[in-house]
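Counting from 1, the numbers follow the sequence of the chain as shown. Note that ligands are numbered from 1 as they come in the structure, with each ligand's atoms numbered from 1 the same way.
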Amino acid sequence: MDNIQIAEMFNRMAKLLEFKGENPFKTRAYTNAARSIKGLDEELSVLYKSGVMDSIPGVGEALKSKIVEILETGSFDAYERTIKEIPPGIMEIMDIPGIGPKMTRSFYEKLGATSVEELSKAAREHRIRRLPRMGEKHEEKILRSIVRMQQDKDHGRHPIAFAGEIAKQIRDELSSSPHIEKVVIAGSLRRKKDTVGDIDLIAISNEPEKAIRFFVNMEQVEEIVESGTSKGAVLYPGNLRVDLRVVEMASFGSMIQHFTGSKEHNIHLRKIALSKGYSLNEYGFKNEISGKLTPCSKEKEIYDFLGLEYLPPEIREDMGEIEASLTGKLPRLIEKEDIKGDLHVHSNWSDGVNSIEELAQAAIQRGYEYIAITDHSHSTGIANGLSEKRLLEHIKIIDTLNEKTDDIRILSGTECDIRADGKLDYSNEILEKLDIVIVAVHAGLEQDRNKITRRIVAALENEHVDILAHPTGRKLGKRPAYDIDMDKMISVAKENEKILEINSSPWRLDLNDTNARKAKEQGVMLAINTDTHTIEHFDNISFGIDVARRGWVESDDVINTMNLKQLCARLGILK
Ligand code: DGT
Ligand code: CA
Ligand code: CA
């Protein structure tokens, strides 16, 4: 923890206290301390380690002991207790620019808003303007801040496909150093988050300084941020930061566990460790009484020691995984090998590169039992969409191909546009002739929430529709999700037994992890598709699998883990 993070923690504590309506002196003690910590020249962690953390201006004894707690455990008890008393979404409301703790409290008391989503709903329903000292202008301003905040969240983060590729290159380069035995990827990249703030790597070496020197001198390094005795940090092109920690084999497990995170997950683990009389850090377990440090060479030892089942990195977010592990309720996360086919594939009949035969051949090589060819419908201006006449020819050709081979079943399908006016691009008579119908929004993205949700709901209510593709339309780094009512969409999908897609294109990853988990929890079936436009895209399936795993998705939740027979039964395909 550096000074900025400690100060930030105190500021958050102050906000929580103010929200609770506590004594203003108490609140101010935290904000004053935060300010003076930010102004320090030296890192508190360094002062503390060398035993010279005596007097910090503006920080009394009580707060000093909290700093020690933070340095040792990553958090402090009073904070953890306070945050437990408050609904989890409240902190996020207070983080919206222009909304302080007092206003948050009033939204909570008068509108029942316990999350940004609920607050944004209240604004859209014009319930904020009716509050005392509010008005139309305030309400609009709040809505704008919420939208901007959501866009900022992704700002400066790097899509996993991009960062992952570079991380692997760096790993290989580092591995070529004679001073480095092995390099592994940690951080959010190992947890397979859709975007990452930076790349975190761990190197095993007995000569840490030489390893760091090798690292900061790599050819593509644009700037050296830090070059120490056991850690280094550099900037790569594209303002991509790379952090490296060097450890010896004996404490590798402890380091990778710590550096994989998430921070929230680690804080929770430390609490369990403390309850057993140990403090836990990146070097091992320390017995609180004897002071003896036990390093772990394998990550699993840490979970064993804490009485937990091993937790896959993808779900280490303190979102219930630790509780599930303690009660034996961990999901058996889906794996790439469970996938038996791809249900969203474009051929050169619309905007794809390959012929249907080439696609089928590539799918056979992957061991798939089926693929659905789902070219675009005609109103999609960009994509050489198929007229009804061409679609009928397309179906015929697929029939002929199926007669020629037993190695794979090609399903005839479409990615049919949900037009801006809410109608589908093909008539029901045409849709009926297809094995599988995917619908998607490509136009009218800027429509308001009600309108766009209504369009999608209508499509999901059509009896011929099977799957909704890339349900929120987001494109990483390009455009945010369109404004839709996700809960409504999920419940309509559930009622009508429709399938929601996890689109594996690394620029979409849509549904994302959170929404995939929501859909799964509501009992909605998912499809993990690649939206292939050229055969190399079939490989993107692993990105979709990562999202699904982060969303606690199991094999049974996903339609394309079914074998051909089960799939045909589920989709009502007779032949
Ligand atoms: P990112 O880079 O924003 O996508 O997310 P992470 O999770 O990779 O975060 P990062 O790079 O700041 O730190 C890597 C891991 O190191 C993090 O997941 C957990 C651990 N870590 C870093 N800072 C702290 C901290 O202040 N407290 C605790 N408990 N763990 C930390
Ligand atoms: Ca990171
Ligand atoms: Ca980092």
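Contact annotation: the side chain of S145 never approaches that of I99 to less than 4.5 Å [non-hydrogen atoms, C-beta and beyond].
At a cut-off of 3.0 Å, measuring from the Ca ion (ligand 2), the protein N, O or S atoms that fall short of it are D198 OD1, D200 OD2, waters left aside.
H265 does not count as a contact of ligand 1, since none of its heavy atoms falls under 4.0 Å from the ligand. Judged by the shortest distance from any of its heavy atoms, T260 lies inside the 4.0 Å radius around the atoms of ligand 1. Under the 4.0 angstrom criterion for non-hydrogen atoms, H258 is in contact with ligand 1.
For the pair G197 and ligand 1, the shortest N or O to N or O distance falls below 3.5 Å.
Results of the side-chain contact (heavy atoms from CB on, under 4.5 Å) test with F215 over V246, I180, V242, V183 single out V242 as the only residue that passes. Tested against D194, the residues R550, R474, R157 include a single salt bridge (Lys or Arg N to Asp or Glu O under 4.0 Å) partner, R474.
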> So E323 and H268, side chain to side chain contact (heavy atoms under 4.5 Å, CB included) or not? Walk me through it.
Replying inline: CA-CA 10 Å; E323 293 79 356; H268 197 151; 3.4 Å; yes

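The list of ring-ring contact (aromatic ring centres under 6.0 Å, His included) pairs with a residue in residues 48-98, not counting sequence neighbours, reads F10-F76, F76-Y79. Legend: ring-ring contact (aromatic ring centres under 6.0 Å, His included) pairs involving residues 281-302, not counting sequence neighbours, sorted by first then second residue: F285-F305. Judged as a salt bridge (charged side-chain N to carboxylate O under 4.0 Å, His left out), not a single pair has a partner in residues 213-232 (not counting sequence neighbours).
Under a 4.0 Å criterion applied to the non-hydrogen atoms of R191, ligand 1 contributes the atoms 7 (O), 18 (O).
Using a 3.5 Å distance cut-off with no hydrogens or angles, the side chains of T530 and T532 do pair a donor with an acceptor.
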